[in-house]
Every structure is written in C-alpha cells, then in structure tokens.
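Single-structure report; data block below.
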Amino acid sequence: MRVAIFGFATLGLCLAASTQIPQSLTHPPIFPPKDWQHGISTGDILFGPRPTKTPELMPSLANGYVGTIPGVDNVYLAGIYCKTSLALIFPGSQRCRIPVPAALSVSLKGAQSAGVALDIRRGLVMERLLLNTSSAAVITQRWYAHRSRPSLLVSEIVVNNTVSDTVLSISLDSAHSSPSSDIDFKETTVPAASDEHSQKFLVVSGAVKHPEDGDTVKVVAYAFTPLPTTPLQVPARTSRIFTFISSFRTTLDSVNPAAAASDDLARGVESGALLDEHVAAWSEMWSKGGVEVDNATLGAALNSSLYYMLSSVREGMNWPVGPGGLPTNGYWGNGFWDNDMWAMPSLLPWWPELSRVGVKYRVERIPEASMYARKRKAKGLLLPWQTASTGKEVDLVPFANVLENHVGGDVALLLRNLWDATHDAEYLANEAAPLAYGICDYYVSIAVQRGTGSEAHYSIEGVVPPDEYAIGFPIPYSGVNDAVFTNAGASLACSFAASVAQLLNATDRAASILRWTEFSEKVLIATENIGTEDEFHPEYRGYPHGNRWMGGKVKQADAVLLGFPLDWRTLSAKVRRNDLLKYEPVYDPKGPAMTASMHTVGWLELNETARADQWFQSSQGNMQPPFAVWTESKEVLQHKSLRDEGCYNFLTGAGGFIQSVVYGYGGLRYRKEGLYFKPTLLEGASWLTFRGVNFRSGKYTIFASLSTSTICVQKVPVFTNHMFILTRGNKLQLRHYLDAGTKVHGQSDDY
C-alpha cells in the first residue's frame, strides 16, 4: 500500500509507488470495478471473489475491542471468555461467541456478488452487488469496525442511482444467526436515547453462563438498528446511503452495558460522519509510520498484514493478541508466546504504545503468575503457556504443554526491546522491572547445578522448547534437557533484570543481581563440535533423541532463533550459518510460516540474499489470496490435527512475515548502544523506505536504494546523543550521533 508520505516535503524527497496490479493477490475470473482499479494498482485495495466455500478467508473487521468476519456467524469481544473443555475432561477457556446482529448481516434480496475488496488504507471491507434487474444502479455494501468509536460495527449500503430515470426499490434480507451457547442473551426493545429518532433500538443483554475458573461473571450487551419492514426506495438521479449499526458493551467497561450500548448506538446514529471519522482514525494510524516499496504486490502483502495485526490491538485494551486475532476463536482466543514473540515486535518500530498492551496484561496478572510458580514448587513468576481472562493456566491439554516454560524468556525479550526502543522510565519501573525480576527468580529457582570446577554450569531440565515435537523419549512429554532457546532466553532475561535493577538503583536487589548475573553467565548453552568448522547448536542436550516420537522432524524454527530475535552475544557468523543449514532439512514441511520468516532474517544477516529471498517467498505460501488472509498451514481448508489447530487469520504468521521485512530486509535492531539498520532491497524492488521509525524520543526515516542510503530526522530526540548506526553489506557505512535536523547520505562507493 502506498500510504501518505509525511514529513518528506521539507527534505526534498519525492517517492511514488508502482501502479502494477498485484496479480498474486487477485483472482483472474472476475474484473474489478473501475472505481476500485486505481486502489488495486497502488496496492491500497485487495480484490477478488467472495470465498463462499471458505468464508473464513473473507477480510476480517476488528478495532481491538470487537471483531468479526463478514459472512461468518460470530462476533467476539476483547476479554470476554468462558469455560470450555476437551472431551469433557480437560477444562480450558475460550472466547464467548456472540450472535451476529441483523444490522450487521443485512443483505439485498436477489443480489449477486460482483467482487469483494479490502481497502487497507481506510479499514473497509466492500462488496459490489448486482441486482437481478435491468437497473444501471451501482450498489456497494461496506462494513467496518469503527476505529474511533470502538463499540460500533457498521454496515452500509451505498446506492448510486444517478444514471437512472426510475425509482429503485430494494428489498432487504438478513441471515439468521444461531443463538450463543456461551451467553444467556435476552432481547428487549427500548426507545432510542434521542427523541429525534422515532425508530426503536433492539437491545440484547446476558451473562456469561460458565465463567473461567476464578473469574467474575461478565455481562455482555449489544444494541442495533432494526431493519426496515418495507423496501428501500432510491429516487431517480440520486444516491443514498443506508446505515445499519451495532453497538457492543460489557461489564469490563460499563456499569450498565445495555444502557451504554444503547447510548453508543444513538450517538452513532446522530453522528452523520461515521465513515469520515473511521477513515480519519485509520489515516492517523498509518501516518505514524510504515514500510514503502516500489512494488505494489509486496506493498499490499506487507500492509495487509499490518492491517490485520493493527485491527486486533487497541491502546487501553490490555489483552494479548491470540494466534487468530480478535475476529476469530482461533486457539480459543487465548494468549500464548505468539503475542510476545511474534505479534508485538512487529508493531514496535511504529506503534510502541500498542506493543505494550500485552505487557500490561502480564503486569496486571502478576499475582496469578506468582501463585502458579509456587504451585510448581518454584519461586518468582511462572508465566503460563496458555492464558485468557484470569491469567491462570488454561491449557486444554496441560500435560502436553505445561513444560513450555520458555514464555518467561519470550516476555523478557519483549521487555528488553521495548526499553531499548523507548527509554521510557515509567515503563521501566512499573512494568519491565516487576516482570523481569519475577521471571529471573523463577528460572534461577528451577535451575540445577551440574558439573564441577571449570565445567560447573546451570541446567534447566524437563522442558519442551518452541519445537513442539521435542517432547522427550521414551516417555512422551517428559521433556528434554537444556533446550538451547529456553536456556538462552533465560540467560538474557537475567542479564536484563540485573541491568534494570542497576538502572533503578535498587539497592535491595543487590543479592539478586549477583545471583541473576551468575546464572546468566553459567547456564548451559549446548554446543557441539566446538572449535571446528562444523560447530553448531543442538536444539537441546542429546538432540535429536527427544524428537523420536515425531520421526526426528522439527516442527518450527527453534535453535536458529539464537541469532534472531535473541541476538545472542557470542554467536559467530560461521555457527549462525551452520545452525541454519543444520535444521533446514528436518523441518516439518507443514509447519507454521514463522520458520521461513526466521530463516529469511538469518540469511540476510549473513548477506546471502538469494537464500533469504527463497525463504521469503516460501513464507508467503501461508498468505491466502485474494485477501492475503494468513493461515497456520498452507492448506486453504484449515483443520485440527495432532500438529496444530488449523487457524484462520493467523496473526502469528503475519507477525513473523512483518518481522522478516523489518528486522530482515531492514536489518533493524534495537540495542543498548543504539539503533541499527542494515537495509537490503527486497527482490523485485529498487528502493525501500522505513518511514517514521521510533527510537527513544526521536523519529527517523531511512531510505535505501541500490546506490544510496539516507537517514532523515523527522522528530528531534530530547537527548541528542543516541547513536544511530547504518551498515551496508559487511562494512560500516554511517556512524553518527544525530542532532536536530540531521540529514545524512551515503553513496554506493562508501561500501
């Protein structure tokens, strides 16, 4: 998507996007309406047929508060969970399903679809409709989850009858939505909040039937405008917009959700500018930054992924991004490491405030993490593998996943990157510190001392790493010992916690600092063939013995994560390369897309662009055309298996893809000493721009082409001694402490 380029006019830069139609994201049998073709050519709009056989592949709508997919009979609200179970045995928690109000499922009787579009820039899903008449009227139905009025879902029917000399009569229909089995809804009618409206609103309210264990009973209400009982009339030579609104509220934010939903609906009806407000809010979102490239196909792929990710996040809504995002119940809408490792880092360069919502969720549930650690006879904070409303472990199959205790290290990595990116003192003291301290106390408490003398080290035993096939052998789910990713994550977490305590002058933590530092330096990082050309990191001590139940296959990227995102301090280029080559042949070809994204980053770190480009193309096999909807596996029809749950709108994969562009082709790294960029052009592009990258209190834009790189200071940092480092290839190109108004160029002969 070619978004508006802000802050460049005074710098004398003029950048234009390609008008090539993104063929890989369109469906050839149908042709886009003329008024959408320009948006398609610039990558702002994705167009294709309505996916009737797999409606989950329709573009989704969400705003961080409410989400749905047009044509799918579900609405979900952030933070509303209920108890579920697997075969009536293992208790868990899932999103509560809310029926789709008639105002949202409204349709035109007898109309046929002439194509659906996702307008990425404006946050709209649109459908061009044809009536079974000779009318020349142009009819479009559009849906949006209002970005600035978060409780509203809006459906509009836009009729252009300006070329006709006759009145157009349109009859409406609405798909029946099945009742919710999760919430005991009861319907009532109440007068509209404003006397100006003679219509009545329909209001439905109910309590969650079976709350998550230990949770309070939540009440959910929604109000919506009823459908007219007579056909819509559009006079000749005129246009009309018919608006149908649904509003949702809960006791998480309202004392009386029914009244609040009704009031929100009334204000929406009175607004007269709902679409303009919504588009302005998305425009403000995009104006904060983004990636621009002179290839519309790549731009559409990247920006649609950002659209889906941003749709599930909202400042002030402190809930983790689940694997399927807010519009779906994928993986029951629960929070996993996906939020901390894959979703939040993809937003950090441009929306650091949104990258903190999952951290705030963890902070608010510190008591539950502390109790969970004590339950496991440990100290500190044990962050659960799977979590929902209360912060307790809600895994449906606990014996299978309770050993995945790398989550603490994943969260600590996000904490560190947020600090290096923002230097927000309030965040450091109130969010990063309590979490980091507790995470490290947990790891130290479960570590086992092994060896003597120079061989003395700490081990973490009986774990399952990100490779979920490493379950142990011969006893399944006995785990493996000294998983390299788990141990390295724990080491970095403790190193970060010690530095935080020192920064905060936490004198009461002096003993802890010594303990964390010792653990960080002595925890075992398994390495084989040390000192030879074949040195590499086994996934765990004794690898691949623990994968025998899965035929020796590896589910997803694991040991290679040492290079990125862990940025492991002693990893040489030789060992980095050996790690990548070691695991490429053993990955499950049906594993998730993040593996390809992480190998893209790895090969780019080693300047082997051809290999990186191949992996980058492979990662996009999980992005389903025509609307670039991510799926957990490459199959169009997702289904549950022993390997995965089969998730649509798989934001975990989208996050990995975004990171492969930002941290791979951009080479961006937030580090203690400064902000690093090492740009590499994407295949098929001649320039690449990272616009509005936040670094501490400053804001920067980096432009790279085949011959030059330019750093522009968009926002002057409060402190001007923050180092910005830009490299090309293996050579240092620019190394500057940037001051106000700095604009630095580097030419091709500099490297």
Side-chain angles (χ1 to χ4, degrees), residues 1 3 25 43 46 60 62 118 120-121 285-286 288-293 295 297-313 320-325 337-352 354-355 357-358 410 413-414 417-418 421 556-557 561 564-565 592-602 604 612-613 615-624 627-632 647 649-670 677 679-680 682-683 685 688-694 702:
M1 181 180 67
V3 294
L25 297 179
L46 301 182
S60 58
L118 169 63
I120 305 169
R121 180 198 294 266
M285 184 80 72
W286 292 122
K288 293 185 177 181
V291 180
E292 294 165 13
V293 59
N295 182 304
T297 302
L298 291 173
L302 177 62
N303 286 290
S304 60
S305 298
L306 282 169
Y307 162 79
Y308 291 127
M309 187 70 72
L310 288 167
S311 295
S312 284
V313 187
V321 174
W337 76 310
D338 306 54
N339 174 82
D340 314 289
M341 183 64 68
W342 304 111
M344 296 296 98
S346 70
L347 301 178
L348 178 57
W350 306 291
W351 302 280
L354 297 181
S355 293
V357 297
D410 308 332
L413 178 63
L414 176 60
N417 285 333
L418 272 165
Q556 61 190 44
L561 301 178
F564 179 84
M594 299 87 72
T595 297
S597 296
M598 292 302 97
H599 277 254
T600 300
V601 176
L604 287 167
D613 290 342
W615 279 102
F616 185 66
Q617 289 299 321
S618 175
S619 73
Q620 296 174 66
N622 294 63
M623 186 191 298
Q624 304 295 344
F627 306 115
V629 174
W630 284 86
T631 53
E632 186 169 15
C647 184
N649 195 48
F650 189 54
L651 295 188
T652 308
F657 174 73
I658 296 167
Q659 290 190 51
S660 72
V661 175
V662 177
Y663 304 104
Y665 287 96
L668 185 150
R669 296 292 185 276
Y670 289 111
F677 254 95
T680 302
L682 291 102
E683 186 176 18
L688 180 66
T689 297
F690 290 84
R691 178 175 48 82
V693 173
N694 290 280
I702 299 90

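Counted by atom type alone, Asp613 and Tyr665 present one or more donor-acceptor pairs between their side chains at under 3.5 Å.
Test Asn295, Thr680, Leu682 against Leu688 for side chain to side chain contact (heavy atoms under 4.5 Å, CB included) and you get one pass: Leu682. A ring-ring contact (aromatic ring centres under 6.0 Å, His included) with Phe657 holds for exactly one of Trp615, Trp630, Tyr308, Trp342; it is Trp630. Under the side chain to side chain contact (heavy atoms under 4.5 Å, CB included) test applied with Val293, the options Val661, Leu298, Thr689 reduce to a single match, Leu298.
Between Pro592 and Asn622 the shortest side-chain heavy-atom distance does not fall below 4.5 Å. Taking the side chain as every heavy atom from C-beta outward, Asp338 and Val321 never approach each other to under 4.5 Å.
Side-chain atoms of Thr595 come within 3.5 Å of backbone N or O of Ala557 as a donor-acceptor pair.
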Kindly indicate, with the supporting measurements, whether the criterion side chain to side chain contact (heavy atoms under 4.5 Å, CB included) is fulfilled by Trp351 and Val357.
CA-CA 11 Å; Trp351 302 280; Val357 297; over 6 Å; no
Mind running side chain to side chain contact (heavy atoms under 4.5 Å, CB included) on Trp286 and Trp350 for me, showing each step along the way?
CA-CA 9 Å; Trp286 292 122; Trp350 306 291; over 6 Å; no
Show your reasoning for whether side chain to side chain contact (heavy atoms under 4.5 Å, CB included) applies to Met285 and Leu354.
CA-CA 11 Å; Met285 184 80 72; Leu354 297 181; 4.3 Å; yes
Could you check Met594 against Phe650 for side chain to side chain contact (heavy atoms under 4.5 Å, CB included), going step by step and ending with a plain yes or no?
CA-CA 11 Å; Met594 299 87 72; Phe650 189 54; 3.9 Å; yes
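Scanning all heavy atoms of the two residues, the minimum distance from Met598 to Pro565 falls at SD-CD, 4.4 Å. Of all non-hydrogen atoms in Gln659 and Met341, the two that sit nearest each other are NE2-O, 3.0 Å. Between Asn339 and Pro345, the closest heavy-atom pair is O-CD, 4.1 Å. Nearest heavy atoms, Ser312 versus Leu651: OG-CD1, 3.7 Å. Between Met309 and Ala343, the shortest heavy-atom distance links the atoms SD-CB, 3.7 Å. Between Pro323 and Thr652, the shortest heavy-atom distance links the atoms CA-OG1, 3.5 Å.
Atom CG of Leu348 is separated from atom CG of Asn694 by 8.5 Å, given to the nearest 0.5 angstrom. Atoms OG and OH, from Ser346 and Tyr663 in turn, are 7.5 Å apart once rounded to the nearest 0.5 Å. Gln624 contributes atom CD, which lies 12.0 Å from atom CG of Asn649 (distance to the nearest 0.5 angstrom). Note that CZ of Phe616 and NE2 of His599 are 16.0 Å apart. Values are rounded to the nearest 0.5 Å. Distance check, rounded to the nearest 0.5 Å: CG of Asp410 to CE of Met344 gives 13.5 Å. Taken from CG in Leu118 to CZ in Phe627, the straight-line distance is 8.0 Å, to the nearest 0.5 Å.
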